[in-house]
Amino acid sequence: MVVKTVRGTSDILPCNVDTWQALELVSRNLLEAYDYKEIRTPVFEQAGLFQKSVGESTDIVSKEMYVFSDKKGRELALRPEGTASIVRSFIEHNMHTQTLPVKLYYIGPFFRYERPQAGRTRQFHQVGAEAIGVEDVRLDAEIIDIAVQIPSKMGIKNLKVMLNSIGCKECRPKYIKQLLGHLKNKIKNLCADCNRRYSTNPLRILDCKKPECIQNVKDGPTITENLCAKCRNKLETVERYIKYLDIDYQIQPYLVRGLDYYTGVIFEITHSQLGAQNVVAAGGRYDNLIEQMGGRPTPAVGFAAGIERMIMLLAHRNFQSNNSVCLAYLDFSMDERVFKFLAELRQNGIHTKTTYQEKTLKNQLKTAAKSNCKFSLILGANELLKGTVILRNMKTSTQEEIMMDNAVTIIKKKFPLGGFRGM
RNA sequence: GUGGGUGUAGCUCAGUUGGCUAGAGCGCCAGAUUGUGGUUCUGGAUGUCGCGGGUUCAACUCCCGUCACUCACCCCA
């Protein structure tokens with residue numbers, strides 16, 4: 001058997017890579033406009049980093065992490081998410097001494113050993129951002145804004161923004177007690193998973209999809225109406241700000257987050273065309289994490305968006321650039337003058353295709369048309385003698401004969417600024 | 001980790017109750033006279049029928065196993 005990609009991984013082929021590049025470009029431009037700087041951390045870290053930050057109790061750490069030992073016996077893990085590494089880096093490089101907030105973003109691959117499904121693979125990519133060091137709800141609003149803007153700028157519509165707060169160190173434990181009290185007599189009505197959650201992660205019972213659980217949770221207390229005054233005020237302020245930004249959202253009292261480090265305002269952005277894994281982006285505040293990881297007490301807020309999931313929503317769109325020309329030559333094998341002309345075009349940034357094969361002109365034009373070239377350059381013995389070349393517009397099927405020496409400037413004028421179609 | 005569906009040419013699929021050299025469309029390649037593409041016409045190439053085993057005179061078709069894909073649960077971006 002020939003070797004294939006590992007389960008849950010896939011090649012991003014040239015035919016799809018334009019969409020990826022467009023998405024990355026849009027993300028970078030946007031994040032940098034919001035004053036975030038890119039950070040690139042290693043794809044593997046000490047396994048303990050994730051155990052401490054993401055939480056031993058989560059499935060991500062307990063079951064889904066790619067853990068391995070290196071030759072010195074160090075326990076390492078492929079990163080299952082982005083925030084932990086950034087927090088590690090923030091502490092390691094004493095970033096608290098910089099002007100706060102420190103605003104960072106990342107784009108890259110992550111790894112979780114899960115059963116593949118629509119919108120879920122073992123290697124997947126996220127774009128995310130973190131604003132660290134200032135506790136201000138405007139940063140929460142800004143993070144939500146960016147998380148909405150990235151897919152929106154790509155032309156993804158009908159995003160659903162859901163907002164909630166899971167409280168702070170003070171009010172969350174109180175609420176959990178209340179919730180457990182409410183469910184105490186109803187445990188036997190809950191599904192098997194929620195019976196387990198009752199002891200491991202009670203908040204998760206809130207977002208169970210099973211009708212019997214929804215039924216029992218419905219008449220119980222919600223975290224949203226049991227927040228302390230401070231948390232309630234923060235949630236309301238975030239609402240006010242994103243309203244000003246015209247972000248259409250709704251409060252979802254049963255929205256909770258899976259990772260242990262979240263505190264306060266959290267959010268999820270979903271899309272109905274994605275299937276069961278419908279979260280495009282999600283995030284929230286994690287004010288205790290940095291202290292918990294050995295730094296000084298530092299508030300922070302961030303989000304991550306699933307790139308594959310956005311790509312799925314863009315599948316019908318074409319981001320292919322057609323800013324290329326095709327050099328067709330004939331009557332002779334590609335001699336030095338043609339080869340030099342080709343190099344000259346390319347050295348001047350003109351995306352130039354050619355066949356490298358002695359094919360008929362017909363054939364070469366066919367190639368040019370197939371690969372979506374805007375112009376063909378036709379260079380035969382006649383032209384070469386005169387020092388000219390034929391510039392053929394593939395769309396209008398009109399052509400003109402120009403001097404080879406002027407070709408670069410003339411072609412460059414024909415192209416507006418390079419970029420992606422449909423943006 | 002659990003459950004359902006699927007696995008036949010590069011792609012999308014057909015293949016009758018097991019029976020001759022396994023098919024279609026699209027794509028690909030080549031031609032329709034001399035240096036001009038996307039239409040049309042003609043011709044052509046391509047398959048260990050996912051892999052391994054079993055039943056049978058005979059298996060793409062039945063049975064078992066396995067791997068992969070896919071969808072859902074779990075979990076999460």
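Within every chain, numbering begins at 1; the chains are lettered A, B, ... in the order of the sequence lines, protein sequences first and strands thereafter.
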Under 3.5 Å, is there an N or O donor on one side and an acceptor on the other linking the side chain of [X] and the base of [N]?
| X | N | result |
| --- | --- | --- |
| Gln364(A) | rU36(B) | no |
| Glu114(A) | rG1(B) | no |
| Gln117(A) | rC74(B) | yes |
| Thr360(A) | rG35(B) | no |
| Arg392(A) | rG37(B) | yes |
| Arg120(A) | rC74(B) | yes |

Ion pair present between [X] and [Y], side-chain N to carboxylate O less than 4.0 angstrom?
| X | Y | value |
| --- | --- | --- |
| Asp219(A) | Lys186(A) | yes |
| Glu38(A) | Arg40(A) | yes |
| Glu401(A) | Lys386(A) | yes |
| Lys234(A) | Glu135(A) | yes |
| Arg392(A) | Glu400(A) | no |

Span that lies between the [atom1] atom of [M] and that of [N], in whole angstrom:
| N | M | atom1 | value |
| --- | --- | --- | --- |
| rG25(B) | rU42(B) | P | 11 Å |
| rU66(B) | rC13(B) | P | 27 Å |
| rC71(B) | rU48(B) | P | 26 Å |
| rG1(B) | rA58(B) | P | 38 Å |
| rG19(B) | rC63(B) | P | 15 Å |
| rC64(B) | rC20(B) | C1' | 29 Å |
| rC49(B) | rA68(B) | C1' | 16 Å |
| rA72(B) | rG15(B) | C1' | 31 Å |

Assign [X] to base, sugar-phosphate, or nothing according to its heavy-atom contacts below 4.0 angstrom with the strands shown.
| X | result |
| --- | --- |
| Ala368(A) | nothing |
| Val127(A) | nothing |
| Gly283(A) | nothing |
| Ile307(A) | nothing |
| Gly8(A) | sugar-phosphate |
| Glu268(A) | nothing |
| Glu308(A) | nothing |
| Ile60(A) | sugar-phosphate |
| Arg257(A) | sugar-phosphate |

* Cation-pi between Arg122(A) and Tyr113(A): NZ/CZ under 6.0 Å from ring centre and within 45° of the ring axis? -> yes
* Counting N and O atoms only, with roles assigned by atom type, does the side chain of His93(A) sit under 3.5 Å from a partner on the main chain of Met95(A), one being a donor and the other an acceptor? -> no
* Could you walk me through whether Glu32(A) and Lys103(A) pass salt bridge (Lys or Arg N to Asp or Glu O under 4.0 Å), step by step? => CA-CA 10 Å; Glu32(A) 279 167 28; Lys103(A) 298 168 83 179; over 6 Å; no
* Asked: Of the residues in residues 103-110 of chain A, which ones touch RNA chain B at a heavy-atom distance under 4.0 Å?
  ->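 Hits under 4.0 Å, by residue number: none.
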* **Stretch residues 44-54 of chain A: residues that reach within less than 4.0 Å of RNA chain B through a heavy atom** => none
Return the nearest nucleotide to the side chain of [X]; candidates are [options].
| X | options | value |
| --- | --- | --- |
| Ile378(A) | rU36(B), rC28(B), rC75(B) | rU36(B) |
| Lys210(A) | rC74(B), rC76(B), rA68(B) | rC74(B) |
| Ala369(A) | rG37(B), rC69(B), rC76(B) | rG37(B) |

* To do: Taking all heavy atoms of Phe303(A) and all of Phe267(A), pick out the closest pair and write down the distance.
  => CB-CZ, 3.5 Å
* Asked: Is the Phe110(A) ring parallel, tilted or perpendicular to the Phe124(A) ring (thresholds 30°, 60°)?
  -> tilted
* Any luck finding a side-chain donor-acceptor pair between Glu239(A) and Tyr249(A) under 3.5 Å? -> yes
* **Polar contact flag, side-chain donor to acceptor under 3.5 angstrom, Tyr241(A)-Asp145(A)** => no
* To do: Convert the base pairs of RNA chain B into dot-bracket notation, remembering that pairs crossing earlier ones are written with [ ] and that bases paired across to another strand are shown as |; include only Watson-Crick or G-U pairs under 3.5 Å.
  => (((((((..((((.....[...)))).(((((.......))))).....(((((..]....))))))))))))....
* **Partner of Leu313(A) under side chain to side chain contact (heavy atoms under 4.5 Å, CB included), chosen from Met154(A), His271(A), Lys157(A)** => His271(A)
* Asked: Could you state the NZ-C1' distance from Lys359(A) to rG35(B), rounded to the nearest angstrom?
  -> 17 Å
* Select from Ala304(A) and Leu274(A) the residue whose nearest nucleotide in RNA chain B is closer to the 5' end of that strand. =>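 Upstream on the strand: Leu274(A).
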* So, Tyr36(A) versus Tyr105(A), ring centres under 6.0 angstrom or not? ->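 That pair fails the under 6.0 Å test.
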